[in-house]
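Here is the naming used below: chain letters follow the sequence lines, and residue numbers restart at 1 for every chain.
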Number of protein chains: 2
Amino acid sequence: MQIEKLIEEKKIKLTSARKELLELFLKAQRPLSYEDVKDKIKMDKATFYRNVSKFEEESIVNSFESNDKKRYYGIYVSAHAHFICQVCSSIECVKSITNMQLEGYKIQDVILKGVCKQCNQRNNPPSS
Amino acid sequence: MQIEKLIEEKKIKLTSARKELLELFLKAQRPLSYEDVKDKIKMDKATFYRNVSKFEEESIVNSFESNDKKRYYGIYVSAHAHFICQVCSSIECVKSITNMQLEGYKIQDVILKGVCKQCNQRNNPPSS
DNA sequence: GACTTAATTGCAACTTAGTTGCATTTGCAT
DNA sequence: ATGCAAATGCAACTAAGTTGCAATTAAGTC
């Protein structure tokens with residue numbers, strides 16, 4: 001996927017900040033918070049939040065609140081759920097859960113919370 | 001359901017603040033934030049947060065972050081999903097979605113985001 | 001390529017949900 | 001009733017996210 005593809009047809013400028021940000025989101029393959037981003041690229045938080053907000057308006061990224069009080073942003077790729085681990089706070093994309101229906105409602109996002117595979121095994125090792 | 005039932009067997013005191021809080025949660029039938037609570041009962045926010053945190057430890061309530069940056073708390077009643085409307089920020093309990101499974105993971109909570117019935121109808125009225 | 005202008009940026013000050021330290025109060029067991 | 005740990009209210013704090021503003025930059029026009 002190309003950065004230019006994401007931006008073209010949208011009514012926003014392709015600045016260097018936006019290019020860096022979108023490249024990072026594409027590379028990450030999982031939603032990122034400002035905390036995650038600021039270690040990788042030098043960018044003021046105001047710029048970050050204004051840009052992800054604009055990306056969201058343009059349906060380039062979507063976002064959700066996690067359990068750690070932070071908001072996570074990721075490139076919008078077809079409908080898929082997110083799993084948030086309540087033990088280690090990790091976030092994973094879940095491709096297998098899709099097209100959920102609820103009469104009269106429009107479902108745009110599904111968030112699952114619980115204990116992830118790693119933390120589950122750590123607490124209940126299969127060979128003990 | 002009785003307040004005393006919720007507290008008994010747990011290692012916490014039944015103070016008047018806790019009684020009021022649990023009564024409110026039981027009456028509300030939907031998750032509440034501190035904002036919701038503070039209009040109904042006089043209670044310092046430190047007391048609120050310390051108590052809901054204790055209730056959560058004792059599995060009396062559970063909680064989740066909504067889209068409005070606030071955390072919502074409700075009496076824990078069997079597994080059910082929550083629907084958060086991205087338009088009007090309302091929160092509803094969804095009893096119909098239950099026992100979701102994901103190999104290797106433990107799912108403790110399901111949050112659906114989208115457009116609720118009311119907002120859906122407002123934008124796409126059936127008779128027009 | 002230089003010119004123009006609106007959009008974008010960084011900075012610093014601000015907002016607000018939630019947390020923490022501490023002195024006072026309260027529930028509850030003896 | 002007494003003693004004491006747990007709970008409360010207050011005020012000060014923390015940190016994610018927002019906003020106003022002056023300086024900078026992308027991108028269209030000549």
Side-chain angles (χ1 to χ4, degrees), chain A residues 2-25 31-58 60-74 84 86 89 91, chain B residues 3-4 6-25 31-58 60-74 84 86 89 91:
Chain A
Q2 296 297 327
I3 304 297
E4 287 76 12
K5 275 267 170 55
L6 290 170
I7 293 287
E8 82 183 9
E9 305 279 314
K10 313 284 182 182
K11 54 176 188 287
I12 61 176
K13 290 188 188 173
L14 180 51
T15 64
S16 58
R18 289 182 179 159
K19 211 166 182 172
E20 280 186 278
L21 201 46
L22 289 172
E23 270 163 9
L24 195 57
F25 279 134
L32 302 172
S33 68
Y34 173 63
E35 275 284 292
D36 297 325
V37 166
K38 78 158 199 262
D39 302 329
K40 305 262 172 62
I41 57 184
K42 187 195 162 301
M43 177 180 298
D44 189 75
K45 59 181 176 170
T47 306
F48 173 85
Y49 287 115
R50 281 191 280 230
N51 276 332
V52 289
S53 162
K54 186 133 283 199
F55 291 159
E56 232 175 337
E57 274 173 37
E58 301 292 335
I60 297 170
V61 313
N62 62 349
S63 74
F64 56 89
E65 295 275 342
S66 184
N67 264 30
D68 56 4
K69 292 200 232 160
K70 291 183 213 142
R71 196 160 193 97
Y72 286 76
Y73 303 84
I84 299 176
Q86 315 231 42
S89 288
I91 296 178
Chain B
I3 305 294
E4 288 74 14
L6 289 171
I7 294 287
E8 83 184 9
E9 304 279 315
K10 314 285 183 180
K11 54 175 189 287
I12 61 176
K13 289 187 186 173
L14 181 51
T15 65
S16 58
R18 288 180 180 162
K19 211 165 183 172
E20 280 187 278
L21 201 46
L22 289 172
E23 270 163 9
L24 195 57
F25 280 135
L32 303 172
S33 67
Y34 173 63
E35 276 285 291
D36 298 325
V37 166
K38 77 157 199 261
D39 302 328
K40 305 264 171 61
I41 57 184
K42 188 195 162 301
M43 177 180 299
D44 190 75
K45 59 180 176 169
T47 306
F48 173 85
Y49 287 115
R50 281 190 281 231
N51 276 333
V52 289
S53 160
K54 186 133 282 199
F55 291 159
E56 233 177 336
E57 274 172 38
E58 301 293 336
I60 297 170
V61 313
N62 62 348
S63 74
F64 55 90
E65 295 275 342
S66 184
N67 264 30
D68 56 4
K69 292 199 233 159
K70 292 183 211 139
R71 197 161 192 97
Y72 286 76
Y73 303 84
I84 299 176
Q86 315 231 43
S89 288
I91 297 178

In this structure, how many angstroms lie between the [atom2] atom of [N] and the [atom1] atom of [X], rounded?
X: B:Lys19; N: D:dA7; atom1: NZ; atom2: C1'; value: 16 Å
X: A:Asp68; N: C:dT19; atom1: CG; atom2: C1'; value: 16 Å
X: A:Glu65; N: C:dA17; atom1: CD; atom2: C1'; value: 11 Å
X: A:Glu20; N: D:dA26; atom1: CD; atom2: P; value: 12 Å
X: A:Tyr73; N: D:dA16; atom1: OH; atom2: P; value: 12 Å
X: A:Lys70; N: D:dT14; atom1: NZ; atom2: P; value: 17 Å
X: B:Tyr72; N: C:dA17; atom1: OH; atom2: P; value: 10 Å
X: B:Arg71; N: C:dG18; atom1: CZ; atom2: P; value: 8 Å

N or O in side chain of B:Tyr49 less than 4.0 angstrom from C:dG18 OP1/OP2: yes

Sequence-aligned protein contact record of nucleotides 1-16 of chain C, with B where the base is within under 4.0 Å of a protein heavy atom and S where only the sugar-phosphate is: -----BSSBBB-----

Side-chain donor-acceptor contact under 3.5 Å, B:Asp44 with B:Thr47: no

CA sep, side-chain torsions, deciding dist, call: B:Lys42, B:Glu20, side chain to side chain contact (heavy atoms under 4.5 Å, CB included): CA-CA 10 Å; B:Lys42 188 195 162 301; B:Glu20 280 187 278; over 6 Å; no

B:Tyr34 and B:Tyr49 aromatic centres sub-6.0 Å: yes

B:Phe25-B:Phe55 aromatic ring centre distance below 6.0 Å: no

Anything under 3.5 Å between a donor and an acceptor, one on a side chain of residues 60-68 of chain B, the other on a protein residue two or more places apart or in another chain? List them.
residue : atom : partner  : partner atom : Å
B:Ser63 : OG   : B:Glu56  : OE1          : 3.4
B:Ser63 : OG   : B:Glu56  : OE2          : 2.7
B:Ser63 : OG   : B:Arg71  : NE           : 2.9
B:Ser63 : OG   : B:Arg71  : NH2          : 3.3
B:Glu65 : OE2  : B:Arg71  : NH1          : 3.0
B:Asn67 : OD1  : B:Lys113 : NZ           : 2.7
B:Asn67 : ND2  : B:Gln86  : OE1          : 2.7
B:Asp68 : OD1  : B:Lys70  : N            : 3.1
B:Asp68 : OD2  : B:Tyr72  : OH           : 2.7

Over all atoms of both residues, closest heavy-atom pair of B:Asp36 and B:Pro31: OD2-O, 4.3 Å

